Structures are given as C-alpha cells and as structure tokens.
Colleague: 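There's a structure below that I have some questions on.
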Amino acid sequence: MRTAGQRGCLFRVASAVTRTLEDIEMDETTWLWFATLGMLAGSAALFLTGRKRTQDEEGHSIAHGLVPLFAAVAYFAMAVHQGQVTLSSGRVFLFARYLDWSVTTPVLLLGLSMTALHGAHRRAGLVAGLLASDLVMIVTGLFFGASQDPFTKWAWYIASCAAFVAVYYVLFGPLRAEAQMRDAERRSTYNRNVVILSVLWLLYPVVVLLGPDGLEIWSATLVTACIAIIDLVAKVVYGFISMAGSKRITDADLERGDVSPAMLSTHSVPSGEPELAAAMSAGSLRQRAQI
Ligand code: RET
C-alpha cells in the first residue's frame, strides 16, 4: 500500500515530467522524427550487439532488433503525415501506432513466453491465447481511437482494458508458474522482465486516456512526446535488458553443458563437421561457443 506521501511524490514526479516535456518546445512532427531516428539507432545497436551462440539467443537478438525497426517504419509514416487520418470532428488520429503495436507487442510477449517455457513447443495453446488477447487489446484500442461517439468510444476502451487484464493474467499466472519450474537464471530473468514490461505497458492506456483520443486533458503534442519516450524505453531499453537476460541464460546453459549441438546456431558449429559437433563435450561446447 502506498502512503499519502508516496502518492503525492509520484504525482509531483509525473507533473514535473509533463512540464519538462511541454517546456522542450518541440512540435508533434519533430517528436515523431525524433522517435523514428531513435528507433532506427536502437534497432542498429540491438542488431550489432546481439549475440547468437544458440538458436534461443539468436531468436531473442533478431526479435529485439526487429521490434524498433518496425516501429521506425510506423513513426516515419506518422512523421510524413501518412499514418494518420483527420476525423470528421477535426481530431487527427494517428492510426499507424496501432499497426506498430499489433506487430511489436506479440513479438515482445513471445520473447517473454520463450524465457518462461524454455522452447517454442511447450504450452502452444497458452501462448496462442496470450497473443490473441494482446491482439484483441490492440484492435479494440484502434477502434477506440477511431471512435467519435462517446458510448462507442468508452465501450471499446473498456474492451481493450479487459483484454489487457487477460494478458496480465497469463503473464503473472500460468507463465510465471512455468518460469518458476525452470533453472535459477530463467526464473530470475522472467521475474525481472515481466515486472519491467508490465509497468511500462501500463503507461500506454493512461497516456492515451488523458490525450485527445480520450479525456482531452493533454495536448496531442504532449501525448506524442510521452508515447515516443515510453515506446523507446519499452522497445530499445527493454530490448537490451531482455538480451542481457538471454545472455545470462545462455552462459549458464553452456557452462552446464545443457545445450545440445542441435541448439547451437549453425554458424557456431563448424560446417561439414556435424559428427564432431555431436561429439563435443560440455567443456568443448563452451569453448566452441567462444564465451
Ligand atoms: C490502448 C487503448 C486503450 C486501452 C489499452 C491500450 C493498451 C495499449 C498497450 C500498448 C503497448 C504497446 C507497446 C508497444 C511496444 O512495442 C491500445 C492504448 C489497454 C498496452 C508495449
């Protein structure tokens, strides 16, 4: 439970952040360009630093490099005024955000699920349910943003929040239980990542609610600035945190010799020497993987 003092402090921090963003005097289009370039730089950094010793690690690196790259495409479309429509009420609706989220949020959730499940073949129904709830959250959110009639708009908002609760339920219920059955590295990486991800994701419905698509308390520029920053953290900073976790997991797996040759990335196994690879002991696996 938070005390009144802590709540007051959080409120002061939130208003200081919004005042600072307003003081930055960047218009909405400049924020969109800033996010486009930030996402491009983030994607390049994630691709360049991502390690690929095992297929799991390779999968994480590619996924986290692609997430900001896809976001850069959406931000570019919005910066050049293509990813938006002007509704009959005169409100400009940036729909390209939702195209971005409909691709990037499932990828991020899939990465987290793989950490908990240690492989793609486990609990496929549960993972499909998680991704479907996420997609429902984004699609109903898109209809919320495009609505003009108050009843329809709030009905969509509530539907989107309900789907969001289903996402949280899977992350903190069955997937967390799965993660607790794994080794210490997987367990702690899942526990850390799920908390960071869910706190960051909670900011989206709040910011959108306060903006022109919702209660119209915040300006379009302030919402775009906030979402650009949250998006950069949720995609790029979270990408680095998740890749560091995947490195720790791979280090421990290789240390224990808990990686079969088939799970090494093909470039880690000398081509034409599959028998040699199959015969590698735990120690030489570690050496071959060049830790
Ligand atoms: C909307 C609409 C209103 C209700 C809810 C929403 C949730 C949005 C979320 C977006 C997350 C985006 C991320 C992108 C990163 O790549 C659609 C704003 C619940 C949770 C994490």
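Counting from 1, the numbers follow the sequence of the chain as shown. In each ligand, atom 1 is the first atom listed, and ligand 1 is the first ligand listed. Since we're looking at a predicted model, the values are computed, not measured.
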Colleague: Would Thr250 and Asp253 satisfy side chain to side chain donor-acceptor pair (under 3.5 Å), going step by step from the backbone distance to the final call?
Modeller: CA-CA 5 Å; Thr250 309; Asp253 282 351; 5.7 Å; no

Colleague: Stepwise, does the salt bridge (Lys or Arg N to Asp or Glu O under 4.0 Å) test hold for Arg248 with Asp251?
Modeller: CA-CA 5 Å; Arg248 267 194 311 273; Asp251 285 348; over 6 Å; no

Colleague: Using side chain to side chain contact (heavy atoms under 4.5 Å, CB included) as the criterion, point out the one residue from Leu109, Ile230, Leu171 that pairs with Trp201.
Modeller: Leu109

Colleague: Filter the ligand 1-protein atom pairs down to N or O on both sides and distance under 3.5 Å, then list them.
Modeller:
residue, atom, partner, partner atom, Å
ligand 1, 16 (O), Thr104, OG1, 3.1
ligand 1, 16 (O), Lys235, NZ, 2.9

Colleague: Using ring centroids (six-membered ring only for Trp), state whether Phe93 and Tyr98 fall under 6.0 Å.
Modeller: yes

Colleague: Below 6.0 angstrom between ring centroids: does that apply to Trp33 and Tyr75?
Modeller: no

Colleague: Ser242 and side chain to side chain donor-acceptor pair (under 3.5 Å): which partner among Lys247, His64, Arg192?
Modeller: His64

